[in-house]
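Read the structure below first, then the notes.
The structure presented is a predicted model; accordingly, all values stated were derived computationally and were not measured. Naming: A, B, ... by sequence-line order, numbering from 1 per chain.
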Number of protein chains: 2
Amino acid sequence: MKSDAGRQTLNIRQVAARAGVSTSTVSRVLNQSGYVKAEVRARIEQVIAETGYVPSGVATNLKKSSTQMVGVVIPRINSFASSEITAGISTALSEFGYIPILGSSTNIPENEVRYIDIFKRQRVDGVLILATQLTEPLLESMREISVPVVVIGQDASAFGIPCVIQDERQATRQLTDHLIRSGHRRIGLIGVADWDIQVGCERKGGYLDALAAVGIEADPAWTVTGGFDLKDGAAGADRLVPYIHSGVPTALLAVTDRLAIGAMSRLIERRIDVPQEVSVAGVGDIDVASVYNPKLTTVHFDYFGTGAVAAHMLVAQMREEPIAPEARIMPFELRIRDSVANLKPRP
Amino acid sequence: MKSDAGRQTLNIRQVAARAGVSTSTVSRVLNQSGYVKAEVRARIEQVIAETGYVPSGVATNLKKSSTQMVGVVIPRINSFASSEITAGISTALSEFGYIPILGSSTNIPENEVRYIDIFKRQRVDGVLILATQLTEPLLESMREISVPVVVIGQDASAFGIPCVIQDERQATRQLTDHLIRSGHRRIGLIGVADWDIQVGCERKGGYLDALAAVGIEADPAWTVTGGFDLKDGAAGADRLVPYIHSGVPTALLAVTDRLAIGAMSRLIERRIDVPQEVSVAGVGDIDVASVYNPKLTTVHFDYFGTGAVAAHMLVAQMREEPIAPEARIMPFELRIRDSVANLKPRP
DNA sequence: CTGAAAGCGCTAACAT
DNA sequence: ATGTTAGCGCTTTCAG
């Protein structure tokens with residue numbers, strides 16, 4: 001006897017009818033709630049198996065006013081950090097029976113609030129937002145949505161919103177310290193626009209802190225600013241090449257690994273040896289950092305873990321385990337590799 | 001007068017009451033359907049603005065029996081190809097007002113069918129599945145779900161399921177031809193397990209085709225097989241190093257760029273110059289392929305476009321514009337760069 | 001242990 | 001132009 005699965009989707013009433021019981025009894029076996037005589041239960045399960053019946057989640061959602069979905073807004077999912085974070089989110093969420101619905105803002109702030117609106121309408125149980133900046137409209141819509149929110153990548157704690165961030169400043173500070181310890185005093189910077197608080201300001205801030213601590217003044221001529229792409233790194237390198245040819249700076253700090261790799265690639269193309277003629281360091285430790293030629297000295301962030309932690313914080317809130325609206329700061333680790341030359345070798 | 005947005009979520013009836021009209025009138029202004037006197041409309045919009053009312057998508061979904069959601073199942077989202085494909089999907093889908101809900105199978109076949117089940121329960125309007133293998137249970141659940149499905153990455157047309165794939169065999173064939181044209185006759189292969197039809201079989205098949213066409217026999221000793229990771233590429237290189245030291249093979253074809261880069265990194269570590277001592281080619285053209293040192297010769301696939309095309313095919317079907325259950329084959333392009341040496345320079 | 005009935009929040013005939 | 005009514009598919013008291 002072949003099953004008649006695959007026919008048009010049927011509902012709980014039809015299943016009840018087939019099994020000769022009421023809908024509430026079917027509902028009880030579906031939810032393992034209440035008592036159902038073993039025999040009746042068997043008959044119902046029989047029918048379910050035969051028909052391939054799957055209860056409508058949307059009806060259940062409506063009834064229970066909970067969807068088990070969490071909205072995730074990401075700018076540009078196709079980047080190493082974002083996709084690792086998303087993987088962490090997805091993995092952690094699925095442990096608790098939640099499923100992510102995705103909004104890709106493609107770095108356009110209006111899209112972020114647009115997606116939050118969509119999520120609100122879909123009645124998600126919570127929202128995770130990977131933000132590059134905290135604009136007023138964004139904050140506004142995070143307040144208006146009446147479900148828990150966790151921000152990733154920007155410090156929203158001042159606005160009473162829990163978040164998880166990296167210690168960008170400290171990380172970049174220590175990386176720059178390493179450069180200085182290796183004998184570099186003239187260090188160029190390949191940065192990004194400062195509307196990105198974490199990458200644009202904090203990372204740059206860490207670099208400046210380190211220089212200031214040893215009384216070095218940063219030369220603005222060695223500071224270039226652009227986008228986040230490989231080619232932006234290359235463009236930055238191009239602009240610094242004339243200086244490098246004249247002997248300073250001796251090292252370049254790129255605020256992301258992508259920029260660092262873009263820059264190294266261009267330097268190598270121009271026959272400038274890294275790290276013999278100029279050292280390069282990045283931030284983030286993307287997967288290829290450790291296999292690039294030369295291997296990139298950088299600072300490692302646990303992006304997957306960041307996503308997972310954010311998801312856990314959200315789950316806690318969705319379960320009414322209230323958490324402090326604090327900034328959870330993720331640890332980092334220096335990864336000293338081959339792209340930075342040691343200018344003062346041990347005697 | 002401050003708005004009282006943010007209070008507990010209210011429903012259409014409360015909005016109707018506040019505006020002194022019936023729910024259907026509110027519904028009409030919400031959906032721009034039917035006639036509503038301008039004055040009344042204004043009053044309702046007023047109330048909506050004041051209260052920050054957002055209609056419940058789940059109620060609408062239930063009523064309209066359509067959710068505007070499409071389920072996307074991805075193995076391991078944190079890989080270049082997957083995340084590009086996902087970005088393409090997300091972008092294309094949002095053009096048509098659909099929103100992706102994500103299931104990360106983490107390469108476990110059971111998870112794929114598990115997610116399809118979840119999607120079925122959530123009553124998604126369609127499903128996109130990025131498959132690495134077409135197992136019987138998977139095919140079964142794709143048949144049982146009563147909404148359109150498009151498979152990405154595997155040829156499912158034989159099972160009556162539309163899909164979009166790369167021409168893996170032809171691409172690898174032409175890449176190998178290039179190696180041969182460059183004077184390489186002894187070419188090693190860094191492959192993957194053959195349960196992955198496209199990467200494990202087809203790409204290897206293209207390589208074998210090319211060799212066979214010029215009467216070269218592949219030496220099984222130069223064929224290594226492993227996983228998809230950078231370290232698998234390195235492991236492959238390790239196993240081939242002894243042969244390379246003895247002069248053959250002169251070139252290595254890695255079936256993915258990640259493997260190629262992992263291999264190159266290890267070769268360089270072992271002071272084997274690429275491409276002077278051995279050439280390396282990859283497949284896929286991931287972002288860093290063009291900036292690696294040396295720049296990787298590979299074949300370019302348009303992953304973002306692949307995701308977008310699949311999404312379009314799905315949208316067509318969801319709109320009842322039936323499409324043939326064919327395999328849509330995406331174009332590819334050789335990218336000749338610096339990692340392959342030319343053994344027979346022009347005289 | 002099981003069934004009847006009342007909604008969850010919305011839409012769409014069908015009236016008026 | 002607007003209101004009434006009957007569900008969409010499910011869960012959950014409340015009675016038996």
Side-chain angles (χ1 to χ4, degrees), chain A residues 7-45 47-48 51-69 118-125 146-147, chain B residues 7-45 47-48 51-69 118-125 146-147:
Chain A
R7 314 236 333 88
Q8 65 171 44
T9 136
L10 70 186
N11 62 27
I12 198 172
R13 232 171 301 109
Q14 336 211 23
V15 173
R18 279 202 189 222
V21 294
S22 75
T23 61
S24 26
T25 306
V26 176
S27 175
R28 280 193 268 268
V29 344
L30 250 23
N31 302 286
Q32 334 254 22
S33 66
Y35 298 90
V36 178
K37 203 195 294 173
E39 183 195 308
V40 178
R41 167 183 307 275
R43 187 149 31 96
I44 293 172
E45 278 166 347
V47 173
I48 291 177
T51 56
Y53 165 69
V54 176
S56 161
V58 352
T60 311
N61 292 345
L62 180 57
K63 189 68 201 176
K64 299 212 180 148
S65 47
S66 142
T67 55
Q68 299 296 99
M69 299 193 300
I118 293 179
F119 293 158
K120 182 171 186 182
R121 168 164 317 213
Q122 288 293 342
R123 299 292 194 260
V124 297
D125 289 350
S146 43
V147 295
Chain B
R7 314 238 329 89
Q8 65 169 45
T9 136
L10 69 187
N11 63 28
I12 199 173
R13 232 171 304 108
Q14 336 211 24
V15 172
R18 278 203 190 223
V21 296
S22 76
T23 62
S24 29
T25 306
V26 176
S27 175
R28 278 193 270 267
V29 345
L30 251 23
N31 301 286
Q32 334 254 25
S33 66
Y35 298 89
V36 178
K37 204 195 295 174
E39 183 196 308
V40 177
R41 170 184 305 274
R43 186 147 34 96
I44 293 172
E45 278 166 348
V47 173
I48 291 177
T51 56
Y53 165 69
V54 176
S56 162
V58 351
T60 312
N61 291 345
L62 180 57
K63 186 68 199 178
K64 300 213 180 147
S65 48
S66 142
T67 55
Q68 299 297 98
M69 299 193 301
I118 293 178
F119 293 158
K120 181 171 185 181
R121 169 163 317 212
Q122 289 294 343
R123 299 292 194 259
V124 297
D125 290 348
S146 43
V147 295

Closest nucleotide among [options] to the [X] side chain:
| X | options | value |
| --- | --- | --- |
| A:R13 | C:dT11, D:dG9, D:dT4 | D:dG9 |
| B:I12 | D:dC10, C:dT11, C:dA13 | C:dT11 |
| B:K64 | D:dC10, C:dC10, C:dT11 | C:dT11 |
| B:T25 | D:dG3, D:dC10, C:dC10 | D:dG3 |
| A:K37 | D:dG9, C:dT2, D:dT11 | C:dT2 |

5'-most by nearest nucleotide on DNA chain D - B:G20 or B:L62: B:G20

Does [X] have a side-chain nitrogen or oxygen under 4.0 Å from the phosphate oxygens OP1 or OP2 of [N]?
| X | N | value |
| --- | --- | --- |
| B:S56 | C:dG9 | no |
| A:Y53 | D:dC10 | yes |
| A:S27 | D:dT11 | yes |

Minimum side-chain heavy-atom gap A:K120-A:V147 below 4.5 Å: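 The answer is no; the side chains never approach within 4.5 Å.
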
Validation row: B:I12, B:S27 side chains within 4.5 angstrom (heavy atoms):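 Yes. Closest side-chain heavy atoms under 4.5 Å.
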
Sugar-phosphate, base or nothing in reach of A:V58, heavy atoms under 4.0 Å: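 No contact at all - A:V58 keeps every heavy atom at 4.0 Å or more from the nucleic acid.
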
Touch class at under 4.0 angstrom, heavy-atom based, for A:K63 against every strand present: base

Pair B:R43-B:V21, side-chain contact (heavy atoms from CB on, under 4.5 Å): steps then yes or no: CA-CA 10 Å; B:R43 186 147 34 96; B:V21 296; 4.3 Å; yes

Side-chain H-bond candidate by donor/acceptor type, A:T67 with A:N61, under 3.5 Å: no

Check: C:dA4 base within 3.5 Å donor-acceptor of A:S24 side chain: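 Result: at least one qualifying N/O pair found.
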
